[in-house]
Colleague: 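Pasting a structure below so you can have a look.
Side-chain atoms are counted along with the backbone in the values below, which use heavy atoms only and exclude waters and symmetry mates. So you know, we letter chains A, B, ... as the sequences are listed, proteins then strands, and number each from 1.
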2 protein chains.
Amino acid sequence: MNAMEVVRALGALAQEHRLAVYRLLVQAGPDGMAAGALADALGVPASSMSFHLAQLAYAGLVSQRRQSRSIIYTADYQAMNALMAYMTENCCGGVACAPDAPCNPAAAEEGALP
Amino acid sequence: MNAMEVVRALGALAQEHRLAVYRLLVQAGPDGMAAGALADALGVPASSMSFHLAQLAYAGLVSQRRQSRSIIYTADYQAMNALMAYMTENCCGGVACAPDAPCNPAAAEEGALP
DNA sequence: TCGATATTTATCGAATCATTGAGGTGAATG
DNA sequence: CATTCACCTCAATGATTCGATAAATATCGA
């Protein structure tokens, strides 16, 4: 995942409705949810929801599949992992992490920080 | 961390320069970096860098401290953790996660997914 | 206090984004 | 085949954001 893709993904999530949709999908798991169900759950007009889902799809954060008349959206967990990995890459230079760093492993070296 | 704060944080990171700055700070660790050094490292005018740093600070992603003439910025690792926690909260409904889900623990139930 | 360095604030044009309604496509049903 | 349902695309509008320049503020050393 390169910088441009990450910026696109973060930009896609930096919006009230899209963040809410994404969280719903993350919680829904591999079964996903239909576009209509999402619009319903969040009280957003269908056309608006379609717009937001398109943005999330363009950013690679969700994927879609057709199921008879409905289109089912699912969160792309690999993309989410890649996103987090990008942001925490080489955290603290790779050694002796800060206490709450996302890469907590090396906080082991006790006393390294005041 | 509530939805509004998360949106603010994601919005702050959804920009080429700010994402780059944040990564530099994450890698720099608790020592942080001076505003000037950041502007220098990324080839961004100092005033622009100041603007972007202000956005990151407003979003709660970085903190600042004065060191003589320089202002040293450091990544706020707790905020980063909270951000990731928010996005993956109750992932897959809490049970039998998808193979690449960010909350991999429950992928243990082998065969739960095709 | 003066000058130099480091950072912030102010301002403005260009670009991007969110929202909404109207109209269009594809799939099931009678 | 025509209708209905679920969803998407398009275009217009109002709001927000980015990048750059120029001016202002804060700190240090002499």
Colleague: With no angle test and no hydrogens, is the base of D/dT21 tied to the side chain of B/Ser47 by a donor-acceptor pair under 3.5 Å?
Modeller: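 A donor-acceptor contact between them is present.
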Colleague: Please report the shortest heavy-atom distance between A/Met1 and A/Glu5, naming the atom on each side.
Modeller: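 Closest approach of A/Met1 to A/Glu5, heavy atoms only: CA-OE1, 3.2 Å.
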Colleague: Tell me which residues in residues 62-69 of chain B lie within less than 4.0 Å of DNA chain D, going by non-hydrogen atoms.
Modeller: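 Heavy-atom cutoff 4.0 Å gives B/Arg66, B/Ser68, B/Arg69.
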Colleague: Using a heavy-atom cut-off of 4.0 Å across all strands, would you classify A/Ser48 as base, sugar-phosphate, or nothing?
Modeller: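 Touches a base.
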Colleague: For A/Glu16 and B/Val7, work out which heavy atoms get closest and say how close.
Modeller: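 Between these two residues, the closest heavy atoms are N-CG2, 3.8 Å.
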Colleague: Could you state the atom-to-atom distance from CD1 of A/Ile71 to P of D/dA6 in whole Å?
Modeller: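 Interatomic distance, CD1 of A/Ile71 to P of D/dA6: 13 Å.
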Colleague: For the pair B/Asn81 (side chain) and A/Asp100 (backbone), establish whether a donor and an acceptor sit closer than 3.5 Å, ignoring hydrogens and angles.
Modeller: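 Yes, because the side chain of B/Asn81 sits within donor-acceptor range (under 3.5 Å) of the backbone of A/Asp100.
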Colleague: Whole Å only: how far is the CG atom of A/Leu42 from the P atom of C/dT19?
Modeller: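 The answer, rounded to whole Å, is 12 Å.
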Colleague: State whether B/Ser50 places a side-chain N or O below 4.0 Å from either non-bridging phosphate oxygen (OP1 or OP2) of C/dT7.
Modeller: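 No.
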Colleague: Would you mind telling me which of C/dT7, D/dA20, C/dT20 lies closest to the side-chain atoms of B/Ala35?
Modeller: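 Output: C/dT7.
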Colleague: Testing A/Asp76, A/Leu61, A/Leu53 for side chain to side chain contact (heavy atoms under 4.5 Å, CB included) with A/Tyr22, which one passes?
Modeller: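 Looking at A/Asp76, A/Leu61, A/Leu53, the match for A/Tyr22 under the side chain to side chain contact (heavy atoms under 4.5 Å, CB included) is A/Leu61.
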Colleague: At under 4.0 Å between heavy atoms, which parts of nucleotides 12-17 of chain C does protein reach? Answer with one letter per nucleotide, 5' to 3': B base, S sugar-phosphate only, - none.
Modeller: ------
Colleague: Please round to the nearest 0.5 Å and tell me the distance separating atom CZ of A/Arg23 and atom SG of B/Cys91.
Modeller: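 Separation between the atoms: 11.5 Å.
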Colleague: Please give, in whole Å, the distance from C/dT7 P to B/Asp40 CG?
Modeller: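 After rounding, the reported distance stands at 10 Å.
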Colleague: In whole angstroms, how far is the P atom of D/dA15 from the CD atom of A/Glu16?
Modeller: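 Spelled out: CD on A/Glu16 to P on D/dA15 is 17 Å.
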Colleague: Between D/dT17 and B/His52, is there an OP1 or OP2 to side-chain N/O distance shorter than 4.0 Å?
Modeller: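 So the side-chain polar atoms of B/His52 never come under 4.0 Å of the phosphate oxygens OP1 or OP2 of D/dT17.
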Colleague: If we ignore hydrogens and angles and just use 3.5 Å, is the side chain of A/Glu89 paired with the main-chain N or O of A/Tyr86 as donor and acceptor?
Modeller: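 Here the side-chain-to-backbone pair does not exist.
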Colleague: Report which part of the nucleic acid A/Ala34 touches: base, sugar-phosphate, or nothing (heavy-atom distance under 4.0 Å, all strands).
Modeller: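 Result for A/Ala34 = sugar-phosphate.
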Colleague: Measure across B/Gly11 and B/Arg18 and return the closest heavy-atom pair with its distance rounded to 0.1 Å.
Modeller: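 For B/Gly11 and B/Arg18, the tightest heavy-atom pair comes out as O-NH2, 3.5 Å.
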Colleague: Over how many whole Å does the gap from A/Leu53 atom CG to D/dC7 atom P extend?
Modeller: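 Nearest whole value for this atom pair: 10 Å.
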Colleague: From NE2 of A/His17 over to P of C/dA18, roughly how many Å is that when rounded to an integer?
Modeller: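 Whole-Å distance recorded here is 10 Å.
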Colleague: Between A/Ile72 and B/Gly11, who's closer to the 5' end of DNA chain D by nearest nucleotide?
Modeller: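 Result: A/Ile72.
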Colleague: So which atom in A/Arg66 and which in A/Ile71 form the shortest heavy-atom distance, rounded to 0.1 Å?
Modeller: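 For A/Arg66 versus A/Ile71, the nearest heavy atoms are NH1-CD1, 4.2 Å.
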Colleague: Given atom OH of B/Tyr58 and atom P of D/dC18, what is their separation to the nearest angstrom?
Modeller: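 Rounded to the whole Å, the gap is 14 Å.
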Colleague: State plainly whether one hydrophobic cluster holds both A/Met84 and B/Leu19, where clusters connect Ile, Leu, Val, Met, Phe, Trp and Tyr through side-chain heavy atoms under 4.5 angstrom apart.
Modeller: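 Linked, A/Met84 and B/Leu19 end up in one cluster.
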Colleague: What's the shortest heavy-atom distance between B/Leu38 and B/Tyr73, and which atoms?
Modeller: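 Where B/Leu38 meets B/Tyr73 most closely, the heavy atoms are CD1-CB, 4.5 Å.
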Colleague: How close or far is atom P of D/dT21 from atom CE of B/Met49, stated in whole angstroms?
Modeller: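 That distance rounds to 15 Å.
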Colleague: Quick one: is C/dA6 close enough that its OP1 or OP2 comes under 4.0 Å of any side-chain N or O from B/Tyr73?
Modeller: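 Indeed not, no polar side-chain atom of B/Tyr73 lies that close.
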